[in-house]
Amino acid sequence: MDAFYASVELLRYPQLKGLPVVIGGGRRREDEVLRQVPEGGTLADIPLASFPLLKDYAGRGVITTATYPARAFGVGSAMGLMKAARLCPQAILLPVDFDEYRRFSRAFKKVITDIAPLMEDRGVDEVYIDFTDVPGGQREGGRVLARLIQKSILQATGLTCSIGVAPNKLIAKMASEFDKPNGISVVYEEDLQTRIWPLPCRKVNGIGPKADAKLQQHGIHTIGELAARERDWLIGHFGKATGAWMHEVAWGRDDRAVVTESEPVSMSRETTFERDLHAVRDRSELGSIFTHLCHKVAEDLRRKGYKGRTIGIKLRYDDFKIATRDQTLGHYTDDGPAIRQAAGQCLRRVPLERPLRLLGVRVGGLVRADSAEAGRAVPGPHTGESAGATGSLF
DNA sequence: TCTGGGGTCCTAGGACCC
DNA sequence: TCTGGGGTCCTAGGACCC
């Protein structure tokens, strides 16, 4: 989906069309804007002057999405809001409204599966679709079906998307970026050298900033240059699995299936504080945030029908270093107090001298709450088996 | 004035078992 | 003085993605 969050917001606030708008930020309340709705009017009648501006934002946070006019100023996803405000102070800043984005996410995915049922969910704004056996899926290399999907999504939701059609997920993902927004790119196997090899390695889904930097150190900047390296050279420098994988992707090879169903592995809640907190000085505030996070995860588990047995915490210190601790229980749980208890034990095992910026709680080792194992104690050794009894001694 | 939140997967060492 | 090999589970950290 093109600039998904921002595009959804523009549906509500059409008066913002063509303006630099960024979505992001912390605890700003949606009703800061809603309150400005004129008598008898709608959201679309809110005067431009009532919208909050980026330059007036003082908190922590990053941009999740920027409209294309905002991107022209050099602001983009994951950029700190303070930095963005320097680049484009006049941009309008809207708070994230995940519930609304999820509604539109469900809507566009429904449109897709009604046309092509083999769809893999890749998050709120992205999917893979297997066209292979869809009637008409082969016409013009898939372009006809892509057009139909694009048109149907626009009709149903008012949103545009960009589609890449290719022999596999690896190339399709890259192709989807060739013609943004609202574009379609069809890439054939024989286009590898002309269309894929000139791209920077970073465009490969799975090559991030670290791997890219290391590749660059060896003079490898493009996918073509990556393809030119011997497989064994790559294995020698990046390890068996990564090296072999890099060789495969550079040659456009990817045999991963489109996966339509999957089970969650973990659920978590985390929060960045408005200011750094200290374990001793801000003990009570931290304590209530901690408890709240535990209950939120428990709620999420129950709502989605899962229980887990590995309880973990995550801290981010003021220097941005991260520490995690976890503990595996002898039984599955979706209970807030039980999670709080286990997470509290984890907290005792982590250094708490530095000021904290973020606190998170995670539950892994999930099974469906209605499954047989969810109700049973897990046989075998668990470090957390008797922790409930001994933990209170500390 | 830095840098969100929710995820997955991989690696690596140690414990433990056969 | 010399101590296997293979497997699984647990834990901590880190890369990466949307």
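Chain naming here is simple, since letters A, B, ... match the order of the sequence lines and numbering starts at 1 in each.
Shown here, C/dC18 forms a base pair with B/dG5; the pair counts as Watson-Crick or G-U wobble because both key distances fall under 3.5 Å.
Within 4.0 Å (heavy atoms only), A/Glu270 reaches at least one base atom of the nucleic acid. Within 4.0 Å (heavy atoms only), A/Val204 reaches sugar-phosphate atoms of the nucleic acid but no base atom. Among the atoms of the strands shown, only primed sugar atoms or phosphate atoms (P, OP1, OP2) are found under 4.0 Å from some heavy atom of A/Ala241. Here A/Leu358 lies in heavy-atom contact (under 4.0 Å) with sugar-phosphate atoms only. At the heavy-atom level, A/Met79 lies nowhere under 4.0 Å from the strands shown. Residue A/Lys83 is out of contact with every strand shown, counting any heavy-atom pair closer than 4.0 Å.
Comparing B/dT8, C/dA12, B/dG4 by their closest approach to the side chain of A/Val265 singles out B/dT8. Here B/dT8 is the nucleotide among C/dC18, B/dT8, C/dT11 with the atom lying nearest to any side-chain atom of A/Arg362. Counting only heavy atoms from C-beta on, A/Arg325 has its side chain closest to C/dA12 among C/dA12, B/dG7, B/dT8. Proximity note for A/Thr328 (side chain, C-beta onward) versus C/dC18, B/dT11, C/dC10: the nearest is C/dC10. Considering only the side chain of A/Ala78, B/dG4 comes nearest among C/dT11, C/dC16, B/dG4. With distances taken from any side-chain atom of A/Glu126 to the nucleotides C/dC18, C/dG13, B/dT8, the minimum falls on C/dC18. Picking from C/dA12, B/dG7, B/dT3 the nucleotide with the shortest atom distance to the side chain of A/Arg357 gives B/dT3. For A/Thr272, the side-chain atoms get nearest to B/dG4 when compared with the rest of C/dG13, B/dG4, B/dT8. Among the nucleotides C/dC17, B/dG6, B/dT8, the one closest to the side chain of A/Asn205 is C/dC17. Closest approach to the A/Thr271 side chain among B/dG5, B/dG7, C/dA12 is made by B/dG5 (side chain taken as heavy atoms from C-beta onward).
If you find the closest nucleotide of DNA chain B to A/Pro264 and to A/Met82, the one lying nearer the 5' end belongs to A/Met82. For the pair A/Lys173 and A/Ala323, nearest-nucleotide mapping onto DNA chain C gives the more 5' position to A/Ala323.
The existence of a salt bridge linking A/Glu285 and A/Arg275 is confirmed by a sub-4.0 Å separation between a basic side-chain nitrogen and an acidic carboxylate oxygen. Using a 4.0 Å cut-off between a side-chain N of Lys or Arg and a carboxylate O of Asp or Glu, A/Lys314 and A/Glu270 qualify as a salt bridge. Taking the charged nitrogens against the carboxylate oxygens, A/Glu373 and A/Lys307 have no contact shorter than 4.0 Å, which rules out a salt bridge. Salt bridge status for A/Arg202 with A/Asp212: absent, with no side-chain N to carboxylate O gap under 4.0 Å. Ion pair A/Glu100/A/Arg102 not flagged as a salt bridge, since none of the NZ, NE, NH1 or NH2 atoms sits closer than 4.0 Å to an Asp/Glu carboxylate oxygen.
As a whole-Å value, the separation of A/Leu215 CG from C/dA15 P is 14 Å. Residue A/Glu274 contributes atom CD, which lies 16 Å from atom C1' of B/dG5 at whole-angstrom precision.
Contact check, A/Ser268 against B/dG7: a side-chain N or O comes under 4.0 Å of OP1 or OP2. Note on A/Thr324: a side-chain N or O is less than 4.0 Å away from OP1 or OP2 of C/dG13. Between A/Arg316 and B/dT3 there is no side-chain polar atom (N or O) within less than 4.0 angstrom of OP1 or OP2. For C/dC17, one of the phosphate oxygens OP1 or OP2 lies less than 4.0 angstrom from a side-chain nitrogen or oxygen of A/Arg202.
When the C1' atom is used for both B/dG4 and C/dC16, the distance is 16 Å, rounded to whole Å.
B/dC2 takes the syn form, because its glycosidic angle lies no more than 90° either side of 0.
With contacts defined as side-chain heavy-atom distances shorter than 4.5 Å, the pair A/Leu366/A/Val363 qualifies.
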